[in-house]
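For reference, positions follow the sequence shown, starting with 1.
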Amino acid sequence: LDATVFEVNNVWYYIWAEKVGVGKQISNLYIARMKNGYTLDTVQVLLTTPDYDWERYGFWVNEGTGSVKNEMARCLLHFQPVIREYIIGVGLFDADESSDLLDPRSWEKDRYPVLCSDEAAGFTGPGHNSFTVDENGDDIMVYHARTETEIVGNPLYNPNRHAMLMRFGWKDGRPVFSYN
């Protein structure tokens, strides 16, 4: 589910969410190195589980990764935990590009989300993000969110998610997101 492919130092990696467990299912993120564009070269490695309260609200889920690199040779991965209202926010974990990216101890996960629902800004449930640059070279995050706060029915099947763009900056090698 929600696979992401990214390259670091001419090596390609594949990250995906997978549900595990009996009874209460938990969705974790796994990583493997790739041999080519369609074959894994290593066994899967458990990268992260829903560890914090904000990742366990309603469902225990980590999914929807997006990858972006910064000028400090850090590989940054964003992910989203899912909640009853669909998504509470976007998390961040990162590793030094020179480290063994298949070793979970190389990665550091932030304790709090880096992007959350913001009713004042007019959207809820940011997630499933990816990154690009605009024609001026500015960093842009592409993501989906909702403009309503009340969801009728199962949030996973509600079609009212909208593609959105957000310009973001960097401070001390970390992305800074702002709704303004």
Side-chain angles (χ1 to χ4, degrees), residues 1-6 8 13-21 24-32 44-70 72-97 99 101-119 121 123-132 139-146 149 151 155-156 161-179:
L1 176 65
D2 295 333
T4 296
V5 175
F6 68 99
V8 175
Y13 295 90
Y14 186 76
I15 292 185
W16 68 97
E18 187 173 314
K19 290 183 180 176
V20 297
K24 183 177 184 85
Q25 290 196 339
I26 299 171
S27 181
N28 300 317
L29 291 176
Y30 294 86
I31 187 171
Q44 72 183 40
V45 175
L46 175 62
L47 188 58
T48 184
T49 62
D51 301 313
Y52 302 120
D53 291 343
W54 69 277
E55 300 173 288
R56 295 177 173 187
Y57 186 83
F59 303 105
W60 290 29
V61 176
N62 283 171
E63 69 177 25
T65 59
S67 172
V68 64
K69 297 179 197 177
N70 68 16
M72 299 178 73
R74 301 288 291 178
C75 178
L76 303 161
L77 293 173
H78 290 76
F79 65 96
Q80 68 179 35
V82 175
I83 62 167
R84 274 192 253 4
E85 291 78 21
Y86 190 60
I87 303 167
I88 193 170
V90 176
L92 171 71
F93 56 103
D94 69 330
D96 188 286
E97 289 184 359
S99 66
L101 298 181
L102 296 179
D103 182 351
R105 295 172 296 185
S106 295
W107 294 86
E108 184 177 330
K109 182 171 22 173
D110 277 19
R111 173 68 179 95
Y112 299 100
V114 294
L115 182 63
C116 293
S117 295
D118 187 337
E119 291 182 35
F123 71 89
T124 60
H128 281 98
N129 54 309
S130 60
F131 299 92
T132 189
D139 289 312
I140 302 291
M141 180 173 70
V142 182
Y143 63 103
H144 70 63
R146 300 177 191 280
T149 57
I151 298 173
L156 294 176
R161 291 181 280 185
H162 307 282
M164 298 189 176
L165 304 174
M166 178 186 293
R167 184 174 286 118
F168 69 95
W170 297 90
K171 182 177 180 182
D172 299 326
R174 299 177 54 78
V176 177
F177 302 101
S178 174
Y179 306 118

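No side-chain heavy atom of Tyr14 sits under 4.5 Å from any side-chain heavy atom of Gln44. In this structure, Phe168 and Ile140 have side chains that are not in contact, with every pair of non-hydrogen atoms separated by 4.5 Å or more. Residues Glu18 and Glu63 fail the side-chain proximity criterion, which asks for heavy atoms closer than 4.5 Å. A 4.5 Å side-chain heavy-atom check between Met141 and Leu115 finds at least one atom pair inside the cut-off. Using a 4.5 Å heavy-atom threshold, the side chains of Phe93 and Asn62 count as separate. Pro113 places none of its side-chain heavy atoms less than 4.5 Å from the side chain of Val90. Residues Leu101 and Tyr13 meet the side-chain proximity criterion, which asks for heavy atoms closer than 4.5 Å. The shortest distance between side-chain heavy atoms of Ile15 and Phe6 falls below 4.5 Å.
Rounded to the nearest 0.5 angstrom, His144 NE2 and Met164 CE are separated by 10.5 Å. To the nearest 0.5 Å, atoms CH2 (Trp16) and CG (Leu47) are separated by 10.0 Å. Separating the CZ atom in Phe177 from the CG atom in Leu92 is a distance of 7.5 Å, to the nearest 0.5 Å. Atoms CG and CG, from Asp94 and Asp96 in turn, are 9.0 Å apart once rounded to the nearest 0.5 Å. Taken from OG in Ser130 to OH in Tyr143, the straight-line distance is 12.0 Å, to the nearest 0.5 Å.
Between the side chains of Lys19 and Ser27, no donor-acceptor pair is found at a separation under 3.5 Å.
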TODO: Please report the C-alpha distance between Glu55 and Lys109 in whole Å, then the side-chain angles of each, then the deciding distance to 0.1 Å, and finally whether the side chain to side chain contact (heavy atoms under 4.5 Å, CB included) criterion is met.
DONE: CA-CA 12 Å; Glu55 300 173 288; Lys109 182 171 22 173; 3.0 Å; yes
- [ ] Using the side chain to side chain contact (heavy atoms under 4.5 Å, CB included) rule, take Ile26 and Val61 through it: C-alpha gap first, then chi angles, then the decisive distance, then the call.
- [x] CA-CA 6 Å; Ile26 299 171; Val61 176; over 6 Å; no
TODO: Please lay out, stage by stage, how Arg174 and Val114 fare under the test side chain to side chain contact (heavy atoms under 4.5 Å, CB included).
DONE: CA-CA 10 Å; Arg174 299 177 54 78; Val114 294; 4.3 Å; yes
- [ ] Give the intermediate values and the outcome of side chain to side chain contact (heavy atoms under 4.5 Å, CB included) for residues Ile31 and Leu102.
- [x] CA-CA 7 Å; Ile31 187 171; Leu102 296 179; 4.0 Å; yes
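No more than 12 heavy atoms of other residues, nucleotides or ligands sit less than 6.0 Å from atom CZ of Arg105.
At least one donor-acceptor pair under 3.5 Å links the side chain of Thr4 to the backbone N or O of Thr65. Remark: side-chain polar atoms of Trp54 are paired, donor with acceptor, to backbone N or O of Arg111 under 3.5 angstrom.
Across all non-hydrogen atoms, the minimal contact from Val176 to Trp170 is CG2-C, 4.3 Å. The two residues His162 and Arg146 make their nearest non-hydrogen contact at CD2-CA, 4.4 Å.
The pair Arg167-Asp139 fails the salt-bridge criterion, with no side-chain N (NZ, NE, NH1 or NH2) lying under 4.0 Å from an Asp/Glu carboxylate O.
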